Amino acid sequence: MKIITREFYNRNTIVVAKDLLGKILVRVVGNKILSGIIVESEAYRSIDDPASHSYKGKTERNNVMFGEVGHAYVYFTYGIHYCLNIVAKEHSIPAGAILIRAIEPIEGIEQMQKFRKTNDLYNLTNGPGKLTKALNVTKKQNGVDVVKKDEIYILNGREIDNSSIIATSRIGISTALDKQWRFLITSNKFVSRRVRIN
DNA sequence: CACCCGATTATCT
DNA sequence: GATAATCGGGTGT
């Protein structure tokens, strides 16, 4: 499998969010490889999206969202958790990123269980805060280029049949609830259980 | 299974 | 000073 090239991310954020389903997220920690299939994602845009960190313009926290596509935007939230996003947008749009909400673990499961301090396979990486903990992703990874084979990269996985993907409103936000920008693979056991299907 | 709540702190207003 | 792109544990049905 090959690393996804930068052109993939240089498209409509919503389309890329959907297309990331089925791709393989890889995390290199020392000499260990941790990986999983992306099974849940959310698109966040900019001036047209009140729920996005970039809605009101560039700040110290969100500046990666305004930068080159194909980089990781990692932020800290609720005083406890990190969330991993991939910058994606068309040239004409100032900012945009995709929140990786859940992966189906493939490689390095034992190491992920150590990072998470749990043996429960189905609650290991089924949430944005859980998967960053399982993959040992923190603000140190903010800005890393996921198009290069370095700390974090994404591989072409298997094509997902359109009929097995659904779109819903996004989780944990209070505005723009009408926008159906959360994508998940239906019936995948590793999707967040907080399912709000409209 | 559903709802409720506390944890804990960087970031923004 | 308030909020937050969350999680896990608790209680009740």
Side-chain angles (χ1 to χ4, degrees), chain A residues 9 12-18 20-21 25 36 38-67 69 71-89 93-105 112-144 146 152 166-184 187 189-198:
Chain A
Y9 303 102
N12 184 308
T13 310
I14 299 158
V15 173
V16 178
K18 188 177 167 187
L20 274 176
L21 297 182
L25 177 66
I38 298 170
V39 296
E40 182 182 351
S41 64
E42 281 177 2
Y44 286 90
R45 306 233 298 184
S46 55
I47 48 174
D48 62 340
D49 184 5
S52 176
H53 287 172
S54 57
Y55 178 56
K56 291 180 178 174
K58 197 190 275 192
T59 66
E60 197 169 339
R61 174 176 67 166
N62 68 20
N63 74 83
V64 173
M65 279 186 84
F66 290 80
V69 299
H71 287 256
Y73 167 46
V74 183
Y75 66 85
F76 186 69
T77 192
Y78 289 104
I80 301 181
H81 304 288
Y82 294 97
C83 288
L84 171 64
N85 302 250
I86 311 298
V87 177
K89 72 207 183 210
I93 302 292
I98 293 136
L99 172 66
I100 309 297
R101 287 194 59 87
I103 64 172
E104 175 176 339
M112 293 189 210
Q113 289 171 328
K114 281 183 192 166
F115 283 135
R116 283 271 289 122
K117 296 180 172 56
T118 178
N119 291 321
D120 184 352
L121 188 60
Y122 294 106
N123 282 303
L124 194 59
T125 55
N126 64 334
K130 295 182 195 179
L131 76 87
T132 52
K133 185 121 193 222
L135 300 178
N136 195 34
V137 169
T138 70
K139 254 183 82 173
K140 287 178 191 165
Q141 279 71 46
N142 188 36
V144 304
V146 305
I152 301 171
I166 61 166
T168 78
S169 53
R170 294 166 291 179
I171 301 291
I173 56 169
S174 51
T175 55
L177 296 173
D178 57 312
K179 292 173 167 45
Q180 309 261 300
W181 291 351
R182 172 176 179 238
F183 300 95
L184 53 99
S187 75
K189 294 172 186 160
F190 300 88
V191 166
S192 166
R193 64 197 154 79
R194 295 165 58 201
V195 179
R196 179 206 297 159
I197 295 175
N198 305 29

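Please read these numbers as outputs of a predicted model, since none were measured by experiment.
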Exercise for the section: Would you check, one step at a time, whether the test side-chain contact (heavy atoms from CB on, under 4.5 Å) holds for A:N123 with A:T118? Expected result: CA-CA 8 Å; A:N123 282 303; A:T118 178; 5.8 Å; no
Exercise for the section: Decide salt bridge (Lys or Arg N to Asp or Glu O under 4.0 Å) for A:D48 and A:K179; before the verdict, give the C-alpha distance in whole Å, the side-chain angles of both, and the deciding distance to 0.1 Å. Expected result: CA-CA 11 Å; A:D48 62 340; A:K179 292 173 167 45; over 6 Å; no
Practice task
Would you sort out whether A:N62 and A:K58 count as a side chain to side chain donor-acceptor pair (under 3.5 Å), showing the intermediate values?
Solution key: CA-CA 6 Å; A:N62 68 20; A:K58 197 190 275 192; over 6 Å; no
Practice task
Would you sort out whether A:R182 and A:T168 count as a side chain to side chain donor-acceptor pair (under 3.5 Å), showing the intermediate values?
Solution key: CA-CA 5 Å; A:R182 172 176 179 238; A:T168 78; 3.2 Å; yes
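Rounded to whole Å, the distance from CD on A:E42 to P on C:dT6 is 7 Å. Summarising the geometry, the separation between NZ on A:K139 and C1' on C:dA4 is reported as 15 Å, rounded to the nearest angstrom. Between A:R116 atom CZ and C:dT6 atom P there is a gap of 14 Å when expressed in whole angstrom units. The OH-C1' distance, from A:Y44 to C:dT6, rounds to 12 Å in whole Å. Spacing between atom CZ of A:R170 and atom P of C:dT6 amounts to 11 Å, rounded to whole angstrom units. Atom CG of A:L124 is separated from atom C1' of C:dT6 by 16 Å (rounded to the nearest Å). Computed from coordinates, the A:Y73 OH to C:dA4 P distance equals 14 Å when rounded to whole Å. Atoms CG (A:D120) and C1' (C:dG9) sit 14 Å apart, rounded to a whole Å.
OP1 or OP2 of C:dC7 has not a single side-chain nitrogen or oxygen of A:H81 nearer than 4.0 Å. Between A:R101 and C:dT6, a side-chain N or O to OP1/OP2 separation shorter than 4.0 Å is present. For the pair A:K133 and C:dC7, the criterion of a side-chain N or O lying under 4.0 Å from OP1 or OP2 is not met. Distances shown here put every side-chain N or O of A:R61 at or beyond 4.0 Å from the OP1 or OP2 atom of C:dT3.
In this structure, CD in A:E42 is found 7.0 Å from CD1 in A:I173, a value given to the nearest 0.5 Å.
The outermost nucleotides of DNA chain B lying under 4.0 Å from heavy atoms of chain A, listed 5' to 3', are B:dA7 to B:dT13.
With the nearest nucleotide of DNA chain B identified for both A:T59 and A:T77, A:T77 has the one nearer the 5' end. With the nearest nucleotide of DNA chain B identified for both A:Y78 and A:N62, A:Y78 has the one nearer the 5' end.
The closest side-chain heavy-atom distance from A:Y73 to A:H53 is below 4.5 Å. In this structure, A:Y44 and A:S54 have side chains that are not in contact, with every pair of non-hydrogen atoms separated by 4.5 Å or more. You'll find the side chain of A:L135 stays beyond 4.5 Å of the side chain of A:T125, heavy atoms only.
Considering all non-hydrogen atoms of both residues, A:A102 and A:L131 come closest at N-CD2, 3.6 Å.
Listed by chain and residue number, nothing satisfies the ring pair (Phe, Tyr, Trp, His ring centres under 6.0 Å) test with A:F115 (two or more places apart in sequence, or in another chain).
Helical stems in DNA chain C, defined as runs of 3 or more consecutive Watson-Crick or G-U wobble pairs with donor-acceptor distances under 3.5 Å: B:1-7 with C:6-12, B:9-12 with C:1-4.
Here A:G79 lies in heavy-atom contact (under 4.0 Å) with a base. Across all strands shown, A:F76 has heavy atoms under 4.0 Å from sugar-phosphate atoms exclusively, and none from any base.
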